[in-house]
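By convention in this document, chain letters (A, B, ...) are assigned in the order of the sequence lines, proteins followed by strands, and residues within each chain are numbered from 1. These values consider heavy atoms only, across backbone and side chains, with no hydrogens, waters or symmetry-generated copies. Because the structure is a prediction, the values reported are computed rather than measured.
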Protein chains: 2
Amino acid sequence: MSVPTIKFYVREGLLPAGELTSPNQASYGETHVQRLRLIRALLDVGGLSVAAIREVILAIDDSGRPVHKVLGTVADRMVPRYDREPGAGIAEARGQVGALIAARGWRVHPESPAAEALAVALEALEEVGHGAFTEALDTYADAAERVARADLEYVAHHVAREELVESVVVGTVMGDAIFSALRRLAQTDASDRVFGGAR
Amino acid sequence: MSVPTIKFYVREGLLPAGELTSPNQASYGETHVQRLRLIRALLDVGGLSVAAIREVILAIDDSGRPVHKVLGTVADRMVPRYDREPGAGIAEARGQVGALIAARGWRVHPESPAAEALAVALEALEEVGHGAFTEALDTYADAAERVARADLEYVAHHVAREELVESVVVGTVMGDAIFSALRRLAQTDASDRVFGGAR
DNA sequence: CATCATAGATAGTGGCGCTATCAGATAGCG
DNA sequence: CGCTATCTGATAGCGCCACTATCTATGATG
């Protein structure tokens, strides 16, 4: 972790500046190190952009903001934004997403970035000629619910606001990477059992 | 989809060139359009790089290669590669991953990119002070297994090699995006039920 | 026949995550 | 006390990536 990189993060507002003990000497404490580790995790493992990390960190640090708003901000920043020009397919996909949300009884805004991302993905599937993949959607949603419950259970261990918010951020971002890797492993296993050597 | 962009894809080896009917006229068919849609899906929704897409497409088109090898190539290209300098934490994380693989009975190479990605993520969790998140690992693995089974079931519908391989590619890449969005929705729902308005 | 579009090639653009360089100031050693 | 190594903040530049603009030669088109 080079010094110029750290100063870059300070400039970008990801990291508070060190306390100046003299015009050319600054001291950094454990909180800085902790924050740096968080930045690297979000950047390397979570794949967030510096801009997204800045917003997430601003939300974490803004202690005046209600927790559920912070969580909303964090969730929104972590899904890549699509600005889709309105087409025929995306409208149908949005309908599909709305129906799923209703069927699940999820209390979520059907225009949230996550819902939109789902619609975009479903539309792309359709475009590519694999619209039938949505047969698996219920299984996916079941799995997502289970995982989300586990996430919440973990988060419930943390009571202090600061900890609570950070645990959600970390869990959400890292959880994606972890699940993705696990899915890949499970797929490899399943696939080997079916196609192993043959075909 | 601009013409220069298409020509760029041709240069990059993502798309076969159109058939020249004269020195300044080329004709593109339905297969080209289909391939373009696949490229956009992998790029926009899957977040793959052009280089990764090239390798994936090469693997798809290399009809001599055994199917399970193609699937391996595809899976490996879709995981961002980490080249971690050996440290203390990563070794422990790798051990954790190995234990999980053994416990699950997964027939996978413990040094596959997916296993490595999982280890990196677990190490990052530890570094950030949220090592306890691994309590949820079993739930995650269960969910991953279910999803992988659903994936395989979908893939089983396709018998022709060309279709088979492509369905795996699409399913793997888009599945990540879909699950991620679903998880976000499920989390929002769960989180709202707990923190909704309060706190 | 004049204009316009297209193929192919080469060079350039904009965004992003850093990184190199510079001037000014001081820590710290002899 | 002097001198050099090192730090600070500021500015400019780099390398990668996904395109995009420009150019020339050639042929389509009204």
Student: To the nearest Å, how far apart are A/I6 CD1 and C/dG17 C1'?
Tutor: 15 Å
Student: Does A/R40 reach a base, just sugar-phosphate, or nothing at all? Heavy atoms under 4.0 Å.
Tutor: sugar-phosphate
Student: When the nearest nucleotide of DNA chain D is assigned to A/Y28 and to B/S49 on a heavy-atom basis, which residue is associated with the more 5' position?
Tutor: A/Y28
Student: Examine D/dC19: is either OP1 or OP2 under 4.0 Å from a nitrogen or oxygen in the side chain of B/S2? Give yes or no.
Tutor: no
Student: Of the candidate nucleotides C/dA7, D/dG9, D/dG27, which contains the atom at the shortest distance from the side chain of B/P23?
Tutor: D/dG27
Student: Is the side chain of A/T172 donor-acceptor paired with the backbone N or O of A/V168 at a distance under 3.5 Å, no angle test?
Tutor: yes
Student: Within the structure, does a side-chain N or O atom of A/R11 lie under 4.0 Å from either OP1 or OP2 of C/dG17?
Tutor: no
Student: Looking at C/dG17, I'd like to know if its phosphate oxygens (OP1 or OP2) sit under 4.0 Å from a side-chain N or O belonging to A/Y9.
Tutor: no
Student: Given that B/G18 and A/L48 both sit by DNA chain C, which one's nearest nucleotide is further toward the 5' end?
Tutor: B/G18
Student: Tell me the interatomic distance from A/L14, atom CG, to C/dC16, atom C1', rounded to whole angstroms.
Tutor: 13 Å
Student: Could you state the CE-C1' distance from A/M1 to C/dG17, rounded to the nearest angstrom?
Tutor: 11 Å
Student: If you measure from the Lys or Arg side-chain nitrogens to the Asp or Glu carboxylate oxygens, is any gap between A/D151 and A/R146 under 4.0 Å?
Tutor: no
Student: Measure the distance from CG on B/L42 to C1' on D/dA18 and round it to the nearest whole Å.
Tutor: 15 Å
Student: Are OP1 or OP2 of D/dT20 and a side-chain N or O of B/T5 less than 4.0 angstrom apart?
Tutor: yes
Student: To the nearest angstrom, how far is B/E12 atom CD from C/dG8 atom P?
Tutor: 15 Å
Student: I want to know whether A/H130 and B/H158 have ring centres closer than 6.0 Å.
Tutor: yes
Student: Minimum heavy-atom separation for B/V147 and A/R183, please, with both atom names.
Tutor: CG1-CD, 3.5 Å
Student: Watson-Crick or G-U wobble partner for C/dG30, using a 3.5 Å limit on both distances?
Tutor: D/dC1
Student: Can you tell me the distance, in whole Å, between the CG atom of B/L36 and the P atom of D/dA18?
Tutor: 16 Å
Student: Quickly work out the B/L20 CG to D/dA28 P distance and round it to whole Å.
Tutor: 12 Å
Student: I'd like to know if the side chain of A/D189 and the backbone of B/V108 have a donor-acceptor N/O pair within less than 3.5 Å.
Tutor: no
Student: If you check the A/K7 side chain, which of D/dG27, D/dT8, D/dC7 turns out closest?
Tutor: D/dT8
Student: Looking at D/dT26, does its base get a donor-acceptor pair with the side chain of B/N24 below 3.5 Å?
Tutor: yes
Student: Let me know, please, whether B/L43 or B/T21 comes out on the 5' side of the other along DNA chain D by nearest nucleotide.
Tutor: B/L43
Student: Could you give the CZ-to-C1' distance, from B/R54 to D/dA18, as a whole number of Å?
Tutor: 12 Å
